[in-house]
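Heads up: the structure comes next, in structure tokens.
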2 protein chains.
Amino acid sequence: MSAPKLLLVEDDSSLAELLEYRFEKEGYEVRITADGEEAMVMAAEDVPDLVILDWMIEGISGIEVCRRLRREKATAHVPIIMLTAREAEDDRVRGLETGADDYLTKPFSPRELLARVSAVLRRVRPALAGESIEAGDLRLDPVAHRLERCGQEVQVGPTEYRLVKFLMEHPRRVFSRSQLLDAVWGTDSEIEERTVDVHIRRLRKSIALENVRDPIRTVRSAGYALEPV
Amino acid sequence: MSAPKLLLVEDDSSLAELLEYRFEKEGYEVRITADGEEAMVMAAEDVPDLVILDWMIEGISGIEVCRRLRREKATAHVPIIMLTAREAEDDRVRGLETGADDYLTKPFSPRELLARVSAVLRRVRPALAGESIEAGDLRLDPVAHRLERCGQEVQVGPTEYRLVKFLMEHPRRVFSRSQLLDAVWGTDSEIEERTVDVHIRRLRKSIALENVRDPIRTVRSAGYALEPV
DNA sequence: ACAATACTGTCATGAGAATGTCATAAGGCT
DNA sequence: AGCCTTATGACATTCTCATGACAGTATTGT
């Protein structure tokens, strides 16, 4: 199971290094920047699984980064944990209202941050924490690399596996073909958008059962979504 | 739009009443109990959208309630926010590790709790947290790409979808056909203005229901507007 | 190392849905 | 009434998606 990707936006370099060390030890993949603008670029290039964002950073402010991340379609749903030196409740509330998912006041212990990161990830992407995910009558066990439909194991190819995993992690949401290419094939893939159709079909075929309706919804001129029953 | 259902487990009755008042004012549906066992029963009877759980309550402890909620299939994925008087980091970490989604230390302001509740719900049930657009008995969920009338899903084509979305984003305002062409078809479209009429008709037909009046108002020699009921 | 097998990406084709336009009917307004 | 605007049904065209085939590439097992 691929390591959860964190993006740490923090301009206190000693803190950043400490956190990098701790998180990498826990099996996370960490990228660091001290600059807000650069953070946006990095997030766009390779969408992280979670962003840890210092309120006070160089360039654009943390809260502005938060807002912009929310505005971009690709990063709109990436969870964000804000860090701040301020105690003021107003700031906390404002951070949450801007779209942060959680909030930690400095000084904090790395252990608490780790716990919060893992709590947020568990909620948002259970598969990253090794938990199996369910969507309707589908169940995916990331550790065993197995997919079940109605309790029965189903064989799918590697690409179909990644595809169904991604869709199951975001049930009901419609993804365009290019979003799916980014998420499943990687940001720099130069693959025909139509190829997505083919893999969707292969996936449908693999998980098809008699008298059970197809859980994959085609949204004309928009993309595909997984609809748990 | 169904109100998000909260279950508040808190044995300080004055705090409970205060929170009930604030949450109901915000449009939540709140149920309250001071007892852990009873909380389990209430949660099983009618699964809430979110649980606010005091660490120190009568009967079984908060953390035990948390664990049991996680164990029951029906409530395993209901987000939980824990409240506690303790400052100790150990407790915070333990709470998160037990499966709480968030954690607040007393004393806290109701406003911050509101913000956190809404942050958690936003992630879990986007349609509940204002990510969907509502206009009268119409509701549009842009993430799932769905349109509902009176709670019932309605099928519309891509153009009608964009059209109704635009109208719902600006309720009551009258738009000329050329404004609608710009907004829905794009600035450089070279399409007959009369075509708008046809799509308005198709939209009306799609969202029509027995005994419910048409929410689209024709403004003679001016254009169309959406009139929420 | 080699062969058998599985997987991938692309394309051509056909079915079906959505779109834009028009002709005509219906409805308002002066 | 007479003029003007909108509603409606039909229709040809254009788009979009589903599907099967295929050649090239990985992967697997021996």
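Naming: A, B, ... by sequence-line order, numbering from 1 per chain.
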Rounded to the nearest 0.5 angstrom, the CG-CG distance for B:D188 and B:L181 is 11.0 Å
Separation between CD1 (A:I32) and CD (A:E20), nearest 0.5 Å, reads 4.0 Å
task: Please check the phosphate of C:dG9 (OP1 and OP2 only) for any side-chain N or O of A:W185 closer than 4.0 Å.
output: yes
message: Between A:Y224 and D:dA18, is there a contact of a side-chain N or O with OP1 or OP2 at under 4.0 Å?
response: yes
Quick note, B:P158 side chain, CB onward, closest among D:dT6, C:dT8, C:dT19 is C:dT19
Kindly indicate whether the side chain of [X], heavy atoms from C-beta on, has any atom under 4.5 Å from the side chain of [Y].
X: A:R122; Y: B:D101; value: no
X: A:R217; Y: A:R172; value: no
X: B:K73; Y: A:E134; value: yes

| task | Please work out if B:Q155 contacts a base, only the sugar-phosphate, or nothing of the nucleic acid, heavy-atom cut-off 4.0 Å. | result | nothing
If we count only N and O atoms by modelled type, under 3.5 Å, do the side chains of B:R204 and B:T218 hold a donor and an acceptor together? yes
Residues of residues 190-223 of chain B with a heavy atom under 4.0 Å from any atom of DNA chain D, listed by number, are B:R194, B:D197, B:R201, B:R202, B:R204, B:T218, B:V219, B:R220, B:S221
Atom CZ of A:R162 and atom C1' of C:dC7 are separated, to the nearest Å, by 11 Å
